[in-house]
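Notes follow the structure.
Proteins get letters first, then strands, A, B, ... in listed order; numbering begins at 1 in each.
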Amino acid sequence: MPDGFLLNDPGAVPDKPALEGLEQKWIARWDAERTYRFDRTRGRADVYSIDTPPPTVSGSLHVGHVFSYTHTDVIARFHRMRGKAVFYPMGWDDNGLPTERRVQNFFGVRCDPSLPYDAAFVPPEKPPKQAISVSRPNFIELCARLTAEDEKVFEHLWRYLGLSVDWSMTYATIGRRAQRISQLSFLRLLQRGIAYQLEAPTLWDVDFRTAVAQAELEDREQPGAYHRIRFATAGSPSSAAFLEIDTTRPELIPACVALVAHPEDERYKPLFGTEVITPLFGVRVPVRAHPLADPEKGTGVAMICTFGDVTDVVWWRELGLPVRSIIQPNGALRPVTFGQEGWDSADAGAAQQHYDQLAGLSATKARVRIVEQLQQSGALVGEPRPITHAVKFYEKGDRPLEILTSRQWFIKTMDHREALLARGRELEWHPSYMQARFENWVNGLAGDWCVSRQRFFGVPFPLWYKLRADGSIDYDARLLPAEDRLPIDPSTDVPEGYRPDQRNQPGGFAGDPDVMDTWATSSLTPQIAGGWGDDQDLFERVFPMDVRPQAHDIIRTWLFDTVLRSYFDFGTLPWKNAAISGWVLDPDRKKMSKSKGNVVTPMALLEEHGADGVRYWAASGRSGTDTAFDPGQMKVGRRLAIKLLNASKFVLANRGAHGAVTAAVDRGLLTSLASLVRQSTADLEQYHYTRVLEMTESFFWSFCDDYLELVKGRRYGDQGADLAASANATLLTTLSTLLRLFAPFLPFVTEEVWSWWQEGSIHKAAWPAPEEVLAACGNVDHPDGVEALQFATTVLGTIRKKKSEEQRPLKTPVTLAVVRAPQAQLALLPTVEADLRASGLIQQLDTQELDVLQVDVTLAPVEGVAGDRA
RNA sequence: GGGCGGUUAGCUCAGUUGGUAGAGCACCGGCUUUACACGCCGGCUGUCAGGGGUUCGAGUCCCUUACCGCCCACCA
């Protein structure tokens, strides 16, 4: 075995080591030497594969990204050193609304899917006031162009942070492979009946003009008002017969299809089956019973509209009510003609007059207008009572969601609830309690997953429909492409057996106009990164993956959807582990976010504190735990890195020969070190990286302050060559081991020091093993050595304390030290006495037996003129 | 309303199966000690959120209350 401790070049240890410039130096070297390149000759058992979260490139990276990606990198580096081929790709999430919106503003364009592709299109220098309409392929080209620039910036930051990603393996969620896999998976789900199309009430964002999914909802507290509205009882000539309801959405009265009360509500029991007449519009609607109606709420009677909220949908479906919809996709009330089928009115003229004042208005404006009308007609009882209530929004939207009936694609989830819960239990969650989030979500699923979006920048649904002779679309006559044609864009590609000129012609075909929800693609990241279908060899080496790292807020979306898709595509979990990271909180304990203006640029942080310093802070945040943004910790990390440089320099420069480890304190140090290695390895395997950093740091600090001070003299030969060699061997073994334990956390400084005396990258060096640490002291633990080291440290500490209390320099000689201790400890004294005398500058050392350790220290008298000191 | 976390020194947080409360930062005092003043030595700091229980013994286990955060549900 070659001597692993020899300096390659004795001049390689710098006189004044510094952190400055280490990032640039090692980024370039790692890139040139392909240090993190995935070795695809290795089989699945030798691979550690990571389903990296693709960051949204149209946003900007913030300190939260730096935080969680560091966690993943620590784990990746650990497994690489353990000998695994680490599959660590990087994806870019450039699919979806954020990118689409940014491209529209940046280039001043708007997507019109009906336009043909224009290969010669060049966007103007400056975005024009009037947006230019472009085809979907042109629009997607612009998206790709803009995101390519963003991706460069992101990659630069990631490299600077030291992520050990294989940069030859990147993917984009709008990339060709992602499109192909999304479409392929969809077509197979379609064939199995798991994907289906349905015309149904759907959550709808009126600004984006698209359907959205349950998983993308969020509640926001909004001001609103209860309006008490009077409905006349139909068929009762008595003008006293009224029914009153409370509503926050009076503008939906024209969309009212029934009133509802609880079946056991005695007040309304007699009215079930009767009819009432809507105010202003004179439409007869039934009074029905349903258990979801809450007698405690409002008057106990609710107005059912198509559709005011999700409860309306339930009532509408379960009571078999008609549709009377008034909200258009853009959120404005559509024109309606009263007196026609479905809009019968007791007084069509008056109804029309009222409604015409509402048509074309947004829901908010219509509400103001109809309240005036209701007041004038006397149907409004009292004044509106202002309240604050939670309203559902699309998480990226600005106006409350509406519910519109539309044709959408769905993926079945409800039928598979039990299987999905079982998958969630198979997955190893870090921390384990995060599994509850998954269970909660699956148990709370209210409907199948709506995956179609009426947007442009996304993966198109890969199919067409036949047109009937009258030009209408026959949705049941689907034209599916062959799998080997994928990806396709049905807005420009033509189905087999058709000519381009048959598009949108009677008897011809029409492309499906929708794109997939961004999660419908993101949920396939293991397949996309692994090359499912077009690099099957790679896929089989990496799938199912080892870990999915991600934040807890997207368990219901990304994690759940990925589990779902993998279950459908392969009948297996997509990964063994889910490592859930927390958020970065600002000092006010709020989640850091752009809108709050408290985001610090990651690049500025990296430049100020160094990548290792920032990583040190990040690595101090446990899995799943939100962590305070704390530049102080970054400073501590930076100091640790500097200390590593200096301590390493001391150990490596001017050292003598090394040999067998014979001294008790040396054996004690190595014994503790071996124990540290055992514990660290076990912890990292369980994703407990935080504790490893803490323990290693604590060991290192005491190594520097106690052990190093204790053996300095011996190491220089005070006690002869053999004991110097023992010290040197211990120092080198410890340094080598500590550097490797630190390497996943502080990749730059450890690599720098490693390069002073070792071949190759530390990041490909073997993770330390206890046997290796103990090799120079007989391959066994030395508990007596541990005690000797602790004993010596305590004695030395007492001497330091005395000097500190006396405000004397540490180099003050101790004229007499009396060590009182139990016999067992005193027996250790001879093994440490020489080190103690040298490090404590002890001139005379006496002992005395006592049941507890106690040291009396007498310092040399103060030199200089007597009386100078009080 | 349901679920999941949390509450330990001024701040940020550790605290493995119950066994004398810890670290770092901050603060105070001291020290040029030829690896490091980007350093070193030392000091100060606590009703472990409140209450109850189990136990010889509880920061740790059980019950309960309060507060903070997050997830989900409700939304007439």
Side-chain angles (χ1 to χ4, degrees), chain A residues 13 15-19 214 217-219 221-222 224 226-227 229 245-249 252 259-261 292-294 297-305 308-312 315 387 389-392 400 431 433-446 552-553 555-556 582-583 585 587 589-591 617 620-622 624-630 632-633 635-636 638-654 679 683 688 690-691 694-695 697-698 701 704-705 708-709 712 796-797 799-812 839 841:
Chain A
V13 181
D15 285 341
K16 293 272 178 197
L19 297 178
Q214 184 190 354
L217 303 186
E218 66 182 31
D219 286 354
E221 287 292 322
Q222 294 282 304
Y226 278 126
H227 305 75
I229 311 290
I245 61 110
D246 273 334
T247 180
T248 56
R249 301 203 60 185
L252 293 180
L259 300 188
V260 66
L292 264 184
D294 182 355
K297 258 183 197 161
T299 62
V301 190
M303 169 174 84
I304 303 175
C305 305
D309 61 35
V310 289
T311 317
D312 278 348
W315 282 327
I387 53 155
H389 62 154
V391 179
K392 284 201 191 309
Y433 60 78
M434 285 294 175
Q435 195 209 325
R437 303 270 183 113
F438 182 88
E439 299 246 340
N440 260 357
W441 174 252
V442 176
N443 283 322
L445 283 172
H552 53 66
D553 55 333
I555 288 174
R556 65 171 175 165
W583 282 337
L585 305 177
R589 315 302 301 170
K590 296 281 192 286
K591 184 190 177 188
W617 159 76
S620 70
R622 282 190 298 173
T625 305
D626 295 345
T627 299
F629 174 70
D630 188 357
Q633 282 302 105
K635 292 192 172 75
V636 172
R638 185 177 171 79
R639 278 206 285 268
L640 171 63
I642 292 168
K643 188 82 173 176
L644 267 168
L645 287 177
N646 288 311
S648 303
K649 173 188 152 191
F650 174 70
V651 170
L652 294 174
N654 308 315
Q679 188 64 49
D683 279 343
H688 294 157
T690 311
R691 195 148 56 146
E694 260 174 34
M695 291 187 307
E697 183 190 10
S698 162
W701 227 262
C704 289
D705 295 341
L708 232 43
E709 294 302 325
K712 251 181 194 174
L796 186 58
I799 291 168
R800 283 169 173 167
K801 183 171 176 175
K802 177 74 173 178
K803 290 175 179 176
S804 185
E805 280 168 359
E806 301 283 321
Q807 304 198 350
R808 304 285 300 278
L810 281 173
K811 65 180 180 187
T812 306
S839 54
L841 299 168

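The listed nucleotides are rC71(B), rG5(B), rU12(B); the one nearest the side chain of Ala628(A) is rU12(B). The side chain of Trp583(A) has rC71(B) as its nearest neighbour among rC71(B), rC74(B), rA35(B). Of the candidate nucleotides rC75(B), rA35(B), rA14(B), rA35(B) has the atom nearest to the side chain of Asn646(A). Proximity note for Pro809(A) (side chain, C-beta onward) versus rC75(B), rA73(B), rU32(B): the nearest is rU32(B). Closest to the side chain of Ala436(A), out of rG69(B), rA35(B), rG3(B), is rG3(B).
Remark: P of rA73(B) and CZ of Arg437(A) are 13 Å apart, rounded to the nearest angstrom. A straight line from CG of Asp630(A) to P of rC13(B) spans 8 Å, rounded to a whole angstrom. The OH atom of Tyr433(A) sits 11 Å away from the C1' atom of rG69(B) (whole-angstrom rounding). Regarding Asn440(A), its CG atom lies at a distance of 17 Å from the P atom of rG1(B), rounded to whole Å. The distance from atom CD of Glu218(A) to atom C1' of rC74(B) is 17 Å, rounded to the nearest whole Å. Atom CG in Asn443(A) sits roughly 18 Å away from atom P in rC71(B) (whole-Å rounding). Atom pair Glu694(A):CD and rC25(B):P shows a separation of 14 Å (rounding to whole Å applied). Atom CZ of Phe438(A) and atom P of rG5(B) are 18 Å apart (whole Å).
Not a single ring-ring contact (aromatic ring centres under 6.0 Å, His included) links His688(A) to another residue, sequence neighbours left out. In terms of the side chain to side chain donor-acceptor pair (under 3.5 Å) criterion, residue partners of Glu218(A) (sequence neighbours excluded) are, by chain and number, Arg220(A). With sequence neighbours left out, the salt bridge (Lys or Arg N to Asp or Glu O under 4.0 Å) criterion links Lys635(A) to no other residue. Partners of Ser839(A) by side chain to side chain contact (heavy atoms under 4.5 Å, CB included), not counting sequence neighbours, listed by chain and number: Leu710(A), Leu796(A). Residues satisfying the side chain to side chain donor-acceptor pair (under 3.5 Å) test with Trp315(A), not counting sequence neighbours, are His290(A). Applying the ring-ring contact (aromatic ring centres under 6.0 Å, His included) criterion to Phe438(A), with sequence neighbours excluded, gives Trp429(A). With sequence neighbours left out, the side chain to side chain contact (heavy atoms under 4.5 Å, CB included) criterion links Pro400(A) to Val391(A), Phe393(A). Every residue was checked against the salt bridge (Lys or Arg N to Asp or Glu O under 4.0 Å) condition with Arg437(A), not counting sequence neighbours, and none meets it. Under the side chain to side chain donor-acceptor pair (under 3.5 Å) criterion, Lys297(A) pairs with no residue at all, not counting sequence neighbours.
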Each base of RNA chain B marked ( ) or [ ] if paired in-strand (Watson-Crick or G-U under 3.5 Å), | if paired to another strand and . if unpaired gives (((((((..((((.....[..)))).(((((.......))))).....(((((..]....))))))))))))....
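Side-chain nitrogen and oxygen atoms of Lys811(A) include none within less than 4.0 Å of the OP1 or OP2 phosphate oxygen of rU32(B). Distances shown here put every side-chain N or O of Gln214(A) at or beyond 4.0 Å from the OP1 or OP2 atom of rC72(B). For rA14(B), the OP1/OP2 oxygens have a side-chain nitrogen or oxygen of Arg622(A) closer than 4.0 Å.
If Glu697(A) and Leu19(A) are placed on RNA chain B by their nearest nucleotide, the residue sitting closer to the 5' end is Glu697(A). Projected onto RNA chain B by closest heavy-atom contact, Asp294(A) and Arg556(A) fall at different nucleotides, the more 5' of which corresponds to Arg556(A).
In this structure, CZ in Arg691(A) is found 15.5 Å from OG in Ser620(A), a value given to the nearest 0.5 Å. If you take OG1 on Thr690(A) and CE on Met695(A), they are separated by 10.5 Å, rounding to the nearest 0.5 Å.
Using C1' as the reference atom, rA14(B) and rU7(B) are 15 Å apart when rounded to the nearest Å. Comparing rC4(B) with rG22(B), their P atoms are spaced 33 Å from each other, to the whole Å. On the P atoms, rG39(B) is 50 Å away from rG3(B), given to the nearest whole Å. Atom C1' of rC40(B) sits at a distance of 22 Å from the matching atom of rU45(B), rounded to the whole Å. Across the C1' atoms, rC25(B) and rU20(B) are found 26 Å apart, a figure rounded to whole Å. Taking atom P on both nucleotides, rA26(B) is separated from rC11(B) by 15 Å, rounded to a whole Å. Here the separation of rA21(B) from rC62(B), taken at their C1' atoms, is 23 Å to the nearest Å. A distance of about 15 Å separates the C1' atoms of rG50(B) and rU8(B), rounded to the whole Å.
Ring geometry for Trp617(A) versus Phe629(A): interplanar angle over 60°, hence perpendicular rather than tilted (30 to 60°).
Across all strands, Ala293(A) comes closer than 4.0 Å to base atoms (heavy-atom distances). Contact annotation for Leu708(A): base contact, defined as any heavy-atom pair under 4.0 Å involving a base atom. Glu709(A) comes within 4.0 angstrom of a nucleotide base, judged by non-hydrogen atoms across all strands. At the heavy-atom level, Lys712(A) lies under 4.0 Å from base atoms of the strands shown. Thr311(A) comes within 4.0 angstrom of sugar-phosphate atoms only, judged by non-hydrogen atoms across all strands, and of no base.
In the interface, the side chain of Asp219(A) is paired with the base of rC74(B) through a donor and an acceptor atom under 3.5 Å apart.
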Per-nucleotide protein contact along nucleotides 39-46 of chain B, 5' to 3', at a 4.0 Å heavy-atom cut-off (B base, S sugar-phosphate only, - neither), is SSBSS---
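At distances below 3.5 Å, not a single donor-acceptor pair connects side-chain atoms of Lys392(A) with backbone N or O atoms of Asp219(A). A donor-acceptor contact shorter than 3.5 Å links the side chain of Asp626(A) to the backbone of Trp583(A).
Across His227(A), His389(A), Gln222(A), a single residue satisfies side chain to side chain contact (heavy atoms under 4.5 Å, CB included) together with Thr248(A), and that is His389(A).
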What N/O pairs connect the protein and nucleotides 16-22 of chain B at under 3.5 Å? Give each pair on its own line.
unit_1: rU16(B); atom_1: O2; unit_2: Arg691(A); atom_2: NH1; d: 3.4

